[in-house]
Undergrad: 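A single structure is presented below for examination.
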Amino acid sequence: MRESPKFLNLVKIHLPITGFVSILHRMSGVINIVLFVGLIYLYWLLPDSNEIKEIISMPSYRLVMWVAISAFLYHFLAGVRHIYMDFLHQHSLGFARYSSMAVLIVALLLAGWVGVSI
């Protein structure tokens, strides 16, 4: 008879940096899809400039725009990393770790820059 499955504690599992970058890449893609609807709505409001000026002046708008732009930049950087690894056959573990760390550092720097700019 098979033994019943044990409780899987996700907090105790050590996720490598490459897995963390992959999960964040998927999450940023979902955020991009969800926030794209809001960007289309703002584009639709462009002819009526009074209403869009009210929306842009709200503090929550800046937070949403920061999240949207940061998610797009991260998704772009991680996508370029994946394409680079696929086309140039860079499948070594060392390169994957190095490029993952580079993506995270550059994405954090760009997110900080976007936050200061907005």
Side-chain angles (χ1 to χ4, degrees):
M1 187 168 220
R2 273 188 5 192
E3 191 176 318
S4 62
K6 304 242 187 263
F7 174 71
L8 182 63
N9 190 354
L10 296 177
V11 177
K12 290 185 177 181
I13 294 176
H14 175 69
L15 186 66
I17 191 166
T18 55
F20 187 67
V21 167
S22 178
I23 289 172
L24 285 179
H25 185 238
R26 293 168 192 226
M27 289 172 54
S28 66
V30 171
I31 290 171
N32 285 333
I33 290 170
V34 170
L35 293 181
F36 184 72
V37 175
L39 294 175
I40 294 295
Y41 175 69
L42 289 176
Y43 183 72
W44 180 66
L45 288 178
L46 277 177
D48 187 22
S49 62
N50 293 334
E51 195 170 336
I52 199 166
K53 286 180 184 177
E54 292 174 10
I55 292 173
I56 291 175
S57 66
M58 290 195 275
S60 60
Y61 168 79
R62 291 184 178 173
L63 177 65
V64 170
M65 286 307 296
W66 176 73
V67 169
I69 294 170
S70 298
F72 173 77
L73 289 172
Y74 178 81
H75 194 75
F76 178 78
L77 289 172
V80 167
R81 172 186 170 264
H82 285 291
I83 290 171
Y84 181 81
M85 289 177 68
D86 285 343
F87 283 141
L88 297 180
H89 303 289
Q90 296 287 335
H91 299 293
S92 68
L93 187 59
F95 181 78
R97 287 181 181 156
Y98 172 74
S99 62
S100 295
M101 186 62 74
V103 164
L104 285 175
I105 290 171
V106 171
L108 284 174
L109 290 174
L110 286 174
W113 178 69
V114 167
V116 169
S117 298
I118 291 179

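Values reported hereafter were calculated over all heavy atoms of this structure, with side chains retained and with hydrogens, waters and symmetry mates removed. Being a predicted model, the structure only gives us computed values, none of them experimental.
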Undergrad: Nearest 0.5 Å please: distance from the CG atom of Asn32 over to the CZ atom of Phe36.
TA: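 Between Asn32 CG and Phe36 CZ, I get 10.0 Å after rounding to 0.5 Å.
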Undergrad: If only atom types and distance count, is the side chain of Tyr74 paired as donor or acceptor with the main-chain N or O of Leu110 below 3.5 Å?
TA: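 Not at all, since once roles are kept as given, no pair shorter than 3.5 Å links the two residues.
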Undergrad: With hydrophobic residues grouped by side-chain heavy-atom distances under 4.5 Å, do Met85 and Leu88 end up in a single group?
TA: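 Yes, because Met85 and Leu88 connect within a single hydrophobic cluster, where side-chain heavy atoms sit under 4.5 Å apart.
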Undergrad: Has the side chain of Ser99 got a donor or acceptor atom that lies under 3.5 Å from a matching backbone atom of Ala96?
TA: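 Checking the backbone N and O of Ala96 against the side chain of Ser99, a donor-acceptor pair under 3.5 Å is found.
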Undergrad: Under 4.5 Å between side-chain heavy atoms, hopping through other hydrophobics if needed: is there a path connecting Leu93 to Val21?
TA: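 No, because Leu93 and Val21 fall into different hydrophobic clusters, even though each may have its own neighbours under 4.5 Å.
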Undergrad: If every non-hydrogen atom of Thr18 is compared with every non-hydrogen atom of Arg81, which pair is closest and at what distance?
TA: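 In terms of heavy atoms, the two residues are closest at CG2-NH2, 4.1 Å.
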Undergrad: Determine whether Leu24 and His75 satisfy the following criterion, side chain to side chain contact (heavy atoms under 4.5 Å, CB included), listing intermediate values before the conclusion.
TA: CA-CA 8 Å; Leu24 285 179; His75 194 75; over 6 Å; no
Undergrad: Side-chain heavy atoms under 4.5 angstrom apart, residues restricted to Ile, Leu, Val, Met, Phe, Trp, Tyr: same cluster for Phe76 and Ile118?
TA: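 Phe76 does not cluster with Ile118.
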Undergrad: Say you draw a straight line from CG of Leu73 to CG of Leu108; how long is it, rounded to the nearest 0.5 Å?
TA: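 Reported to 0.5 Å precision, the distance equals 11.5 Å.
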Undergrad: Enumerate the side-chain hydrogen bond (donor to acceptor under 3.5 Å, both in side chains) contacts for residues 106-118, please, sequence neighbours excluded, ordered by first and then second residue.
TA: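 Checked against side-chain hydrogen bond (donor to acceptor under 3.5 Å, both in side chains) - neighbours excluded - no pair reaches residues 106-118.
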Undergrad: Quick check: closest heavy atoms across Leu77 and Val103, and the distance to 0.1 Å?
TA: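 So the two residues come closest at O-CG2, 4.0 Å.
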Undergrad: So which atom in Ala71 and which in Ser28 form the shortest heavy-atom distance, rounded to 0.1 Å?
TA: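 Taking Ala71 first and Ser28 second, the nearest heavy atoms are O-CB, 3.6 Å.
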Undergrad: Which residues pass the ring-ring contact (aromatic ring centres under 6.0 Å, His included) test with Phe20, not counting sequence neighbours?
TA: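 Checked Phe20 against ring-ring contact (aromatic ring centres under 6.0 Å, His included); zero matches.
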Undergrad: Kindly give the heavy-atom pair with the smallest separation between Val114 and Trp66, and that separation in Å.
TA: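 Heavy atoms only, the tightest pair is CG1-CD1, 3.7 Å.
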Undergrad: Do Val37 and Tyr61 share a hydrophobic cluster, counting only Ile, Leu, Val, Met, Phe, Trp and Tyr and linking them when any side-chain heavy atoms are less than 4.5 Å apart?
TA: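 Each belongs to a different hydrophobic cluster.
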Undergrad: Around atom OH of Tyr98, are there more than 12 heavy atoms of other residues, nucleotides or ligands at under 6.0 Å?
TA: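 Check fails, neighbour count at 12 or below.
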Undergrad: When you group the ILVMFWY residues by side-chain heavy-atom contacts below 4.5 Å and let the links chain together, are Val34 and Leu39 in the same group?
TA: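 No: no chain of side-chain contacts under 4.5 Å links Leu39 to Val34.
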